[in-house]
Amino acid sequence: MDKTEHQKNSAMPVLVDLVAMYVITGLLLVILAALLGRLELSDAAVSIGIIATYIVSCFAGGFFIGKKKKRKKYLWGLCVGAFYFAVLLLGNLAVNRGLDGQLVHMLTTAVLCILSGMAGGMLS
């Protein structure tokens with residue numbers, strides 16, 4: 001197997017997992033929106049729901065990639081968590097045209113995504 005084919009085979013599972021992670025995120029956010037409409041949740045409860053969505057999505061992504069890769073699962077989980085956060089960050093920068101004083105929030109989100117992805121990989 002030549003080097004480019006090996007790289008292609010390594011990148012595809014990560015991309016598939018990222019798509020799966022965002023599908024999970026979408027489903028969880030739809031559920032959160034339905035709960036918000038039904039139960040009139042507070043802002044704090046919605047924030048907790050969003051954080052839980054990040055954690056569950058990244059954990060699932062780390063778990064899926066760990067099952068596929070078999071070796072260095074924690075590192076692959078960490079990578080998909082970091083990629084997930086990178087896409088979130090790029091989306092935020094595109095929509096808000098900057099961080100607008102959200103640096104602490106973004107760093108916290110990065111740590112949550114990376115660690116939960118790594119935990120998913122370790123437990124796969």
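- Under the 4.5 Å side-chain contact rule for hydrophobic residues, Phe85 and Leu93 share a cluster.
- The shortest non-hydrogen separation linking Leu28 to Ser57 is CD1-OG, 4.3 Å.
- How far OG1 of Thr108 is from CG of Leu112: 6.5 Å, rounded to the nearest 0.5 Å.
- Of the possible polar contacts, none joining the Tyr84 side chain to the Tyr22 backbone as a donor-acceptor pair under 3.5 Å is found.
- In this structure, Leu115 CG and Met122 CE are separated by 9.0 Å, a value rounded to the nearest 0.5 Å.
- Contact detail for Met21 and Cys58: the closest heavy-atom pair is CE-CA, 3.6 Å.
- Hydrophobic cluster membership differs between Ile48 and Val104, with clusters built from Ile, Leu, Val, Met, Phe, Trp and Tyr side chains linked at under 4.5 angstrom.
- No continuous path of hydrophobic side-chain contacts links Val19 to Phe83 [ILVMFWY only; heavy atoms under 4.5 Å].
- Cys79 places none of its side-chain heavy atoms less than 4.5 Å from the side chain of Val14.
- Counting all heavy atoms, side chain and backbone alike, Cys113 lies closest to Leu88 at SG-CD1, 4.4 Å.
- No donor-acceptor pair under 3.5 Å is formed between the side chain of Lys69 and the backbone N or O of Trp76.
- Annotation: the span from Leu123 atom CG to Met118 atom CE amounts to 10.5 Å, rounded to 0.5 Å.
- Remark: Leu18 CG to Ile65 CD1 distance equals 8.5 Å, nearest 0.5 Å.
- At a threshold of 4.5 Å between side-chain heavy atoms, the hydrophobic network of Ile, Leu, Val, Met, Phe, Trp and Tyr places Leu90 and Val95 in two separate groups.
- Taking each heavy atom of Leu32 and Gly49 in turn, the nearest pair found is CD2-C, 3.9 Å.
- The structure places CG of Leu29 at 11.5 Å from CG of Leu35, a figure rounded to the nearest 0.5 Å.
- Taken together through direct or relayed side-chain contacts under 4.5 Å among Ile, Leu, Val, Met, Phe, Trp and Tyr, Val87 and Tyr54 form part of one hydrophobic cluster.
- Contact detail for Asn92 and Met106: the closest heavy-atom pair is ND2-SD, 3.5 Å.
- Taken from CG in Leu36 to CD1 in Ile31, the straight-line distance is 13.5 Å, to the nearest 0.5 Å.
- Looking only at side-chain heavy atoms (C-beta outward), Leu107 and Val111 stay at 4.5 Å or farther from each other.
- With a 6.0 Å radius and a threshold of 12 heavy atoms from other residues, nucleotides or ligands, Asn96 has its CG atom above the threshold.
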Worksheet item: Val16 and Phe64: side-chain contact (heavy atoms from CB on, under 4.5 Å), yes or no, with the steps?
Response: CA-CA 10 Å; Val16 169; Phe64 296 153; over 6 Å; no

